[in-house]
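To start, the structure itself, in structure tokens.
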Amino acid sequence: MKPGQTQRRPWIVGVSGASGTPYAASVLRALLAAGESVDLVVSRASRLTLLDETGLPFRDAHWQDDLREWLARGADGKPGTFDVRIEDVRHWSAGDLAAGPSSGSYPSKGMLIVPASTACVAGVALGLSKDLLQRAASVTLKEGRKLVVAVRETPLNGQTLRHLVSLDDAGATVLPASPAFYTGATHIQDLVDFVAGRVLDAAGVEHELYRRWEGELGGGSRAT
């Protein structure tokens with residue numbers, strides 16, 4: 001690092017194979033809009049989900065082009081909905097266990113797993129570190145950094161519930177991907193942005209993704 005240069009401290013964003021890639025896209029756009037740096041880990045399973053939900057690939061060799069096209073899409077699949085700059089994103093291959101986020105000495109603000117599948121939840125809770133996403137999450141916990149796990153599954157069986165309790169006990173924030181309706185949502189993007197906004201609330205990152213509760217009944221029905 002050059003004299004006078006500020007050390008880069010990104011948020012690590014892990015995208016697992018659960019349904020809900022629009023949640024990840026909304027979180028990534030909001031982090032970048034807030035001036036945050038991002039280290040991105042896209043699991044192998046999530047690439048299949050992304051292809052199924054959007055028709056878009058995510059390839060290590062072409063990650064910048066693929067990421068731009070993904071983040072530009074709205075939750076309804078319409079291309080060119082958002083204009084996003086990705087200069088502050090660094091991508092790490094999910095199979096690269098020698099990557100920066102695999103070490104506690106690598107500086108980061110914390111990690112957001114959006115969405116988190118039950119397999120990902122189990123792997124992190126048990127400390128398996130089968131890929132970079134799980135390893136980075138384990139490192140985040142052991143270093144006492146913020147870990148937000150946006151689990152996306154229903155119903156939840158006892159085994160997964162026990163894993164989620166283990167993550168809570170370890171210091172993670174367990175955040176079910178549960179949209180709310182008091183914000184006056186009129187579009188699928190509004191519901192997606194609410195969940196993404198709650199993820200960022202848990203991380204302490206400012207955003208304007210949804211209308212907050214102000215203690216007045218009927219506010220959602222009057223929202224425009």
Side-chain angles (χ1 to χ4, degrees), residues 11-28 30-31 38-58 60 70 75 91-97 99 101-102 108 110-180 188 191-203:
W11 282 99
I12 302 168
V13 177
V15 186
S16 80
S19 176
T21 54
Y23 294 132
S26 182
V27 165
L28 288 166
L31 283 172
V38 172
D39 275 22
L40 179 63
V41 182
V42 180
S43 77
R44 290 188 175 92
S46 70
R47 300 172 195 223
L48 298 177
T49 306
L50 180 65
L51 185 63
D52 182 57
E53 293 184 343
T54 69
L56 298 174
F58 193 93
D60 286 342
W70 175 27
H91 167 256
W92 299 95
S93 174
D96 184 5
L97 291 176
S102 68
S108 76
M111 184 172 184
L112 316 175
I113 305 179
V114 189
S117 66
T118 55
C120 172
V121 166
V124 176
L126 297 173
L128 298 182
S129 295
K130 293 179 65 175
D131 62 9
L132 180 59
L133 195 159
Q134 292 183 16
R135 172 59 184 169
S138 294
V139 167
T140 301
L141 286 176
K142 80 179 183 70
E143 295 297 323
R145 298 168 185 161
K146 174 64 72 174
L147 175 64
V148 181
V149 180
V151 60
R152 216 307 305 162
E153 185 60 270
T154 190
L156 297 171
N157 62 26
Q159 186 177 46
T160 298
L161 289 169
R162 285 188 286 272
H163 289 151
L164 292 172
V165 169
S166 294
L167 290 178
D168 179 77
D169 289 342
T173 298
V174 175
L175 194 150
S178 302
I188 187 175
L191 298 176
V192 167
D193 286 346
F194 176 84
V195 173
R198 296 299 288 153
V199 171
L200 295 179
D201 287 345

Please give me the minimum heavy-atom distance between L191 and A180, naming the atom from each residue. CD2-O, 3.7 Å
For a 4.5 angstrom cut-off between non-hydrogen side-chain atoms, does V149 reach V124? no
Heavy-atom distance under 4.5 Å between the side chains of V174 and V165, does that happen here? no
Are any non-hydrogen side-chain atoms of S108 and D39 less than 4.5 angstrom apart? no
With a 3.5 Å cut-off and no angle check, do the side chains of D52 and T49 form a donor-acceptor pair? no
Non-neighbouring partners of F194 that pass ring pair (Phe, Tyr, Trp, His ring centres under 6.0 Å), sequence neighbours left out: Y182, Y210
Search all heavy atoms of T160 against all heavy atoms of N157 and return the closest pair with its distance. N-OD1, 2.8 Å
Taken to the nearest 0.5 Å, the spacing of D193 CG from Y23 OH works out to 10.5 Å
Minimum heavy-atom distance G171-L141, with the two atoms named: C-CD2, 4.5 Å
Hey, what do you get for CD1 (I12) to OG1 (T140), rounding to the nearest 0.5 Å? 5.0 Å
Does any N or O in the side chain of T21 come within less than 3.5 Å of the main-chain N or O of L50, such that one atom is a donor and the other an acceptor? no
How long is the gap from CD1 on I113 to CG on L175, to the nearest 0.5 Å? 12.0 Å
Heavy-atom count check: over 12 atoms from other residues, nucleotides or ligands less than 6.0 Å from R198 CZ? no
Kindly indicate, with the supporting measurements, whether the criterion side chain to side chain donor-acceptor pair (under 3.5 Å) is fulfilled by S166 and D169. CA-CA 5 Å; S166 294; D169 289 342; 5.5 Å; no
N/O donor to acceptor pairs below 3.5 angstrom from side-chain atoms of residues 131-138, sequence neighbours left out:
from, atom 1, to, atom 2, distance (Å)
D131, OD1, L133, N, 3.2
D131, OD1, Q134, N, 2.9
Q134, OE1, S129, N, 3.3
Q134, OE1, K130, N, 3.1
R135, NE, S102, O, 2.9
R135, NH2, S102, O, 3.2
S138, OG, Q134, O, 3.2

How close do S43 and A94 get, counting heavy atoms only, and between which atoms? CA-CB, 3.9 Å
Taken to the nearest 0.5 Å, the spacing of D168 CG from T173 OG1 works out to 8.0 Å
When rounded to the nearest 0.5 angstrom, what distance separates CD in E53 from CG in L48? 11.0 Å
To check you understand the geometry: which heavy-atom pair defines the closest contact between W92 and A99, and what is its length? CE3-CB, 3.1 Å
Contacts of H163 meeting ring pair (Phe, Tyr, Trp, His ring centres under 6.0 Å) (sequence neighbours excluded), chain-then-number -> none
Does R145 use its side chain to pair, donor to acceptor, with the backbone of M111 at less than 3.5 Å? no
Can you name the nearest heavy-atom pair linking P179 to V195, along with the distance? N-CG2, 3.7 Å
Given 3.5 Å as the limit, does a donor-acceptor pair link the side chain of S46 with the main chain of V15, or not? yes
